[in-house]
Every structure is written in C-alpha cells, then in structure tokens.
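Data first, discussion second: the structure below is written as structure tokens.
Source: prediction; values computed, not measured.
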Amino acid sequence: MSEFDNLKRSYTFAVQFLLASNVGYHKAKASNEMLHKFYENIVENSLYSDMDKAAMKLQLELLKEAFSEEIRRVYNVR
C-alpha cells in the first residue's frame, strides 16, 4: 500500500504547509476538511476492494482528527 502511504504523506505535508503559512484558524480548519474530502474521494475512486477502502478511509478520518487537534493547539482554540 505504498500508494496510500504517499497519499497520507501528501495530506500531512499539506496541513504542515497550512500551519507554517499561518493562514488563521478558520482557514486552516476549513482547509483540513476540504483536504480530507479530497483524499477520501481519491480512495473511493481507486481500484482497491471495498474492505481496503473502508480501512483507508478510517485512517484518513483519524488523520483528520489529529490534524484538527493540532490546528486547535497551534491557534490556541479550545
């Protein structure tokens, strides 16, 4: 699943770039949501089995939640 690992790395890099760019809390939060949907659609349109897709989407959801927490921490939002 190295393709999926590359996808997760790309998602991580995009969020790190957002945080480094200091775009503001609301824009970072909205961008994380948009990126999550984008990568989820890539997985959904892939040729993996439905079971593999479900596992990948779960991992993406966990990443999104971790990034959401990081965004809240960086912008000191509770």
Side-chain angles (χ1 to χ4, degrees):
M1 279 203 210
S2 67
E3 294 165 345
F4 183 61
D5 289 334
N6 288 336
L7 197 74
K8 291 188 301 184
R9 274 192 287 275
S10 175
Y11 186 9
T12 301
F13 176 76
V15 172
Q16 288 174 339
F17 180 78
L18 280 169
L19 293 174
S21 299
N22 200 27
V23 295
Y25 172 73
H26 295 290
K27 189 172 252 185
K29 181 179 171 186
S31 295
N32 184 35
E33 290 291 332
M34 185 263 322
L35 286 165
H36 175 258
K37 288 293 183 189
F38 175 74
Y39 288 115
E40 193 174 57
N41 284 335
I42 290 173
V43 168
E44 184 58 38
N45 293 319
S46 71
L47 299 177
Y48 289 103
S49 71
D50 288 342
M51 193 164 68
D52 285 342
K53 287 179 186 180
M56 289 181 222
K57 287 180 184 180
L58 177 59
Q59 286 186 45
L60 288 174
E61 183 66 31
L62 293 172
L63 276 176
K64 181 187 86 156
E65 291 304 316
F67 295 148
S68 293
E69 185 59 36
E70 181 70 8
I71 290 166
R72 284 191 292 274
R73 189 190 64 74
V74 166
Y75 290 101
N76 201 25
V77 174
R78 304 232 183 251

Self-check item: Phe67/Tyr11 aromatic ring centres below 6.0 Å
Solution: yes

Quiz item: Going by heavy atoms in the side chains, are Asp5 and Arg9 under 4.5 Å from each other?
Solution: yes

Practice problem: Verify side chain to side chain contact (heavy atoms under 4.5 Å, CB included) between Met56 and Glu40, making sure each step is shown before the conclusion. | Solution: CA-CA 8 Å; Met56 289 181 222; Glu40 193 174 57; over 6 Å; no

Exercise. Answer with yes or no whether the hydrophobic clustering places Val43 together with Phe38; edges join I, L, V, M, F, W, Y residues whose side-chain heavy atoms lie under 4.5 Å apart.
Key: yes

Quiz item: Do Tyr75 and Phe17 share a hydrophobic cluster (ILVMFWY, side-chain heavy atoms under 4.5 Å, transitive)?
Solution: no

Quiz item: At their closest point, which heavy atom of Leu18 faces which heavy atom of Ala28, and how far apart are they?
Solution: CD1-O, 4.2 Å

Quiz item: What pair of heavy atoms forms the shortest contact from Tyr48 to Lys53, and how long is it?
Solution: O-CE, 3.1 Å

Using 0.5 Å steps for rounding, measure from the [atom1] atom of [X] to the [atom2] atom of [Y].
X: Lys64; Y: Lys57; atom1: NZ; atom2: NZ; value: 13.0 Å
X: Lys29; Y: Glu33; atom1: NZ; atom2: CD; value: 7.5 Å
X: Phe4; Y: Leu60; atom1: CZ; atom2: CG; value: 4.0 Å
X: Ile71; Y: Lys27; atom1: CD1; atom2: NZ; value: 13.0 Å
X: Leu63; Y: Ser68; atom1: CG; atom2: OG; value: 10.5 Å

Quiz item: Should we say atom OH of Tyr25 is surrounded by more than 12 heavy atoms from elsewhere, each under 6.0 Å from it?
Solution: yes

Practice problem: Go through the steps to decide whether Glu69 and Arg72 satisfy the test side chain to side chain contact (heavy atoms under 4.5 Å, CB included), and finish with yes or no. | Solution: CA-CA 5 Å; Glu69 185 59 36; Arg72 284 191 292 274; 2.8 Å; yes

Self-check item: Donor-acceptor pair, side chain of Ser10 and main chain of Asn6, under 3.5 angstrom
Solution: no

Quiz item: Is a side-chain donor or acceptor of Asn32 paired with a backbone partner of Val15 at a separation under 3.5 angstrom?
Solution: no

